[in-house]
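Heads up, the thing below is written out as structure tokens.
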Amino acid sequence: ESPETIIVERRERVGLITLNRPKSLNALNSRLAVEVLAALNGFDADAQIGAIVITGSPRAFAAGADIAEMAEKSFFNFYMDDFLAPWDKIAAISKPIIAAVSGFALGGGCELALLCDIIIASEDAQFGQPEIKLGILPGIGGSQRLTRAVGKSLAMDLVLTGRTIGAAEAKAAGLVARVVPAADLLQTALEVAHTIAAYNAPAVKMAKEAVNRAFEGSLADGLRHERLLFQSAFATEGQKEGMNAFVNKRAPVFRHR
Ligand code: HXC
């Protein structure tokens, strides 16, 4: 069954997911959640893919969870149907995911960007957690991931007032990695993804795992975990190739199965 709410493509070793509900500014309904997760799982399991890009439209990455769908939901629906569970599972994807954000990234849209590993924004991107205006609060990790990304004071400001910030402020706060002109957004995100996808795949997976450890447990545990992964990288063919290439002053060629 082909997806209805997203477009799934491959560009060489990069998987590209485009959110595609233009009439509602890519509002994240439950079907879209299931389709995004299925596409991510497919790419994660595919040895031909080394990195993933998620993007939206020029006007909106995503304007949040689908308010029309949520409006009549009860506590019982959310709790018993585990309506938000697909979003949690994105955190288990092992390949790097780049969010290419243009226009609105609000509420669940901002949280989806935060679930990705690198956020690249166009100059006109707008980030915010406006849930408070709807009588609710962030529900797919915003209170935690936004706070870790930008610190307590700005996270409280955004979550409690519902105001949005532009790309420049988001960059200054550490929420986004790079800001580029709108016309260059997808190209830049794909280039970053192609760069990552060309590297030693086990080292890429280990590097993502190691950085993510910085958000769990103690510094000592994180450092111990990094050390084990670092040592493990020497069991990979790509380490031999990367270092041999450097010593012999040539470009490395990493083999991908
Ligand atoms: C459903 C949405 C939507 C949303 C926009 N639309 N956002 N539909 N859910 N989150 C629809 C509008 O109803 C409208 O449909 C069409 O998209 C275009 O939007 P407009 O409002 O006409 O555009 P504009 O005036 O440019 O304003 C853009 C906007 C505004 C500022 C982004 O749409 C807005 O405030 N949207 C809601 C943002 C928000 O509150 N997000 C948080 C949701 S809660 P029609 O049919 O009228 O053309 C959330 C919780 C996450 O995300 C945690 C739990 C999953």
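Counting starts at 1 for both ligands and their atoms, in listed order. Computed from a predicted model, the values in this text were never measured in an experiment.
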Enumerate, one pair per line, all nitrogen or oxygen atoms of ligand 1 lying under 3.5 Å from a protein nitrogen or oxygen, stating the separation to 0.1 Å; write 'none' if no such pair exists.
| from | atom 1 | to | atom 2 | distance (Å) |
| --- | --- | --- | --- | --- |
| ligand 1 | 9 (N) | Ala65 | O | 3.4 |
| ligand 1 | 9 (N) | Ile67 | N | 2.9 |
| ligand 1 | 10 (N) | Ala63 | O | 3.2 |
| ligand 1 | 10 (N) | Ala65 | O | 2.9 |
| ligand 1 | 17 (O) | Lys23 | O | 3.4 |
| ligand 1 | 23 (O) | Arg59 | NH2 | 3.1 |
| ligand 1 | 26 (O) | Arg59 | NH2 | 2.8 |
| ligand 1 | 41 (N) | Ala63 | O | 2.9 |
| ligand 1 | 52 (O) | Ala65 | N | 2.8 |
| ligand 1 | 52 (O) | Gly108 | N | 2.8 |

Using only atom types and a distance under 3.5 Å, with no angle test, would you say the side chain of Glu69 pairs donor to acceptor with the backbone of Asn29?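 No: the side chain of Glu69 does not pair with the backbone of Asn29.
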One thing to verify: whether Arg250 and Glu241 come together as a salt bridge, which I'm taking to mean a side-chain N less than 4.0 angstrom from a carboxylate O.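 Counted as a salt bridge, because a side-chain N and a carboxylate O are separated by less than 4.0 Å.
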Decide, yes or no, whether a salt bridge links Asp221 with Arg213 under the criterion of side-chain N to carboxylate O below 4.0 Å.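 Not counted as a salt bridge, because no side-chain N and carboxylate O are separated by less than 4.0 Å.
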Test of understanding: clusters of I, L, V, M, F, W, Y form through side-chain heavy atoms closer than 4.5 Å, transitively. Do Val14 and Tyr199 belong to the same one?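 Val14 clusters together with Tyr199.
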A side-chain contact here means heavy atoms from C-beta on lying under 4.5 Å apart; do Ile196 and Ile118 qualify?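 Of all side-chain heavy-atom pairs linking Ile118 with Ile196, at least one is under 4.5 Å.
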Side chain proximity check, Ser102 to Asp124, heavy atoms < 4.5 angstrom: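 A side-chain contact under 4.5 Å exists here.
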